[in-house]
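Count residues from 1 along the sequence.
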Amino acid sequence: MSGALQALATQFFARNYDYLWLRTMLEQAANTAASGATLITGSSHALNGIQERCWSRAFNCSMHSQDIYYDFQCARRVLSAAPRGRFARCFIVMGYYIAYQDLSLSKVSRETMIANVYYPIFQDAHHWSSPSHRNLWEGLGDIPEPLKAVCEQAAVQKLLEYGTYYSELRPRGTLFDLRGRTWAQTPEGERLAMGRVRAESHNKIFQHKESFEENKRLLGAFVRFLSSRDVQPIVVITPFSPEYNRFILPQMRDGVLELLDSVPDDIHYVDFNQASGLFEPADFMDTDHLSPQGAEKVSGILTEMFGI
């Protein structure tokens, strides 16, 4: 690959990283030849909280700002293509607020995540009647189709080499400016203030009661679909910092339980926030996202509970 083509491929990769990651994981999962594999769907809590190498064969089809609707779309895309028996379990990883979330009704999230990731992959914008259309090659010039194919193939190959979402091109970051410190190095008072800001931003989603009722129906259909494919459904709430948990609405936690109770089929539920003393500040990047150390710990526990 020439220097100019390499530079173009790098630009394309960086501009469309999230789209390429999710599309690649969906394709790889659908075509896996392994039996008893693990499928992972969910929000940024899954991207931060899962270390795929802890399983013998795991496909992390999660994304920043992924709601239950698009969790289901991802699982359906994979399991409708993969032969029965390829997947043994599906983790649905979420925060408490996900029970009330609908990305297609969020003016900000739909313009970022749906327009740039979900609509290009699924051609489905859920309740967004007039979705934006973004050209993946916009701003990169008039590129011939054969060169586009070469660039896309190079990007996919690079993602497969990484094997996980975070890399030198997309390093783990924090939601807040910690001024060069880790979460553990940040004074408790500052952590508490950030925990309050983050939790209160999520608490605002609690008002979306119609989305909550729809998510009950969606989760029920999702779990029935998994069961019909002989895939074990497992809902996971990843650990959050004490500073975040202090301010999250108790009603939000109760809402998740109500969501699960509305599903008549068997479903496993793991809430890591109910286990006191298991996680420490070094396990977090920020208020509610795990560090590599925390992700390793969570993934190890999940493999012990549900197999590899």
Side-chain angles (χ1 to χ4, degrees), residues 36-63 66-68 71-72 74-75 87-101 164-165 199 202 212 215-216 218-220 222-227 229-242 244-245 248-280 283-285 287-308:
T38 297
L39 180 62
I40 300 146
T41 67
S43 63
S44 58
H45 297 111
L47 288 178
N48 285 269
I50 295 296
Q51 292 282 15
E52 294 87 350
R53 66 175 180 271
C54 291
W55 284 267
S56 58
R57 192 71 169 157
F59 299 91
N60 195 343
C61 298
S62 58
M63 182 44 58
Q66 186 162 291
D67 59 14
I68 293 173
D71 287 343
F72 191 6
C74 289
F87 286 86
R89 65 196 65 83
C90 177
F91 291 106
I92 307 166
V93 184
M94 61 175 68
Y96 299 117
Y97 65 94
I98 295 291
Y100 300 87
Q101 187 180 49
T164 190
Y165 179 83
H202 285 159
F212 177 64
N215 282 332
K216 286 182 182 179
L218 283 171
L219 184 62
F222 189 179
V223 170
R224 285 194 300 275
F225 174 76
L226 293 175
S227 299
R229 304 292 299 179
D230 299 323
V231 176
Q232 183 182 42
I234 308 159
V235 170
V236 176
I237 306 291
T238 51
F240 307 133
S241 70
Y244 173 89
N245 278 325
I248 199 71
L249 285 174
Q251 297 94 319
M252 297 271 273
R253 297 190 186 96
D254 296 340
V256 173
L257 296 177
E258 183 179 341
L259 186 77
L260 297 171
D261 287 342
S262 71
V263 179
D265 305 78
D266 290 336
I267 182 169
H268 292 277
Y269 178 52
V270 180
D271 183 351
F272 280 98
N273 297 284
Q274 302 305 308
S276 61
L278 192 58
F279 298 92
E280 58 187 2
D283 292 322
F284 295 93
M285 291 293 295
T287 53
D288 54 311
H289 293 107
L290 292 168
S291 66
Q293 173 182 307
E296 192 84 23
K297 188 178 294 187
V298 163
S299 300
I301 293 170
L302 291 175
T303 57
E304 288 180 9
M305 293 178 69
F306 300 105
I308 61 171

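Listed for the Ser291 side chain is a donor-acceptor partner under 3.5 Å among the backbone atoms of Asp283. Within the 3.5 Å criterion, the main-chain N or O of His268 finds no donor-acceptor partner in the side chain of Gln232. With Thr303 contributing its side chain and Ile308 its backbone, the two residues share no donor-acceptor pair below 3.5 Å. Side-chain atoms of Asn273 come within 3.5 Å of backbone N or O of Thr238 as a donor-acceptor pair. With Ser299 contributing its side chain and Glu296 its backbone, the two residues share no donor-acceptor pair below 3.5 Å.
From Leu39, atom CG reaches atom CG of Leu226 across 8.0 Å, with rounding to the nearest 0.5 Å. A distance of 10.5 Å separates OH in Tyr100 from CD1 in Ile68, rounded to the nearest 0.5 Å. Distance check: Met285 CE to Leu290 CG gives 10.0 Å after rounding to the nearest 0.5 Å. Distance check, rounded to the nearest 0.5 Å: OH of Tyr96 to CG of Asp254 gives 10.0 Å. Note that CD1 of Ile234 and CG of Asp266 are 12.0 Å apart. Values are rounded to the nearest 0.5 Å. For the atom pair CD (Gln66) and CD (Gln101), the distance works out to 10.0 Å, reported to the nearest 0.5 Å.
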Next on the checklist: Run the side-chain contact (heavy atoms from CB on, under 4.5 Å) test on Leu302 and Trp55 for me, step by step, so that the C-alpha distance in whole Å, both residues' side-chain angles and the decisive distance to 0.1 Å come before the verdict.
Outcome noted: CA-CA 9 Å; Leu302 291 175; Trp55 284 267; 3.9 Å; yes

- Task: Show your reasoning for whether side-chain contact (heavy atoms from CB on, under 4.5 Å) applies to Arg57 and Thr38.
- Result: CA-CA 6 Å; Arg57 192 71 169 157; Thr38 297; over 6 Å; no

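Within 6.0 Å of CG on Leu257 lie more than 12 heavy atoms contributed by other residues, nucleotides or ligands.
Nearest heavy atoms, Val223 versus Pro233: CG1-CG, 3.8 Å. Pairing each heavy atom of Pro292 with each of Gln51, the nearest pair is O-NE2, 3.6 Å. Nearest heavy-atom pair, Ala75 versus Phe222, reported as atom, atom and distance to 0.1 Å: CB-CE2, 3.4 Å. Ser43 approaches Ser62 most closely through the heavy-atom pair O-CB, 3.9 Å. Taking every heavy atom of both residues into account, Gly42 and Asp71 meet most closely at N-OD1, 3.1 Å. For Phe240 against Tyr244, the heavy-atom pair with the smallest separation is CB-CD2, 3.5 Å.
Proximity of Phe306 to Val270: side-chain heavy atoms (C-beta onward) are separated by under 4.5 Å at one or more points. Between Leu219 and Ser262 there is no side-chain heavy-atom pair separated by less than 4.5 Å. A 4.5 Å side-chain heavy-atom check between Met63 and Cys74 finds every atom pair outside the cut-off. In this structure, Val231 and Phe225 have side chains that are not in contact, with every pair of non-hydrogen atoms separated by 4.5 Å or more. A heavy-atom distance below 4.5 Å is not found between the side chains of Asn48 and Asp288. The closest side-chain heavy-atom distance from Phe272 to Val236 is below 4.5 Å. Residues Phe279 and Lys297 have side chains in contact (heavy-atom distance under 4.5 Å, counting atoms from C-beta outward). Using a 4.5 Å heavy-atom cutoff, the side chains of Ile98 and Leu259 are not in contact.
Taking the six-membered ring for Trp and thresholds of 30 and 60 degrees, His202 and Tyr97 have nearly parallel ring planes, at less than 30 degrees apart.
A donor-acceptor contact under 3.5 angstrom links the side chains of Asn60 and Glu52, judged on distance only.
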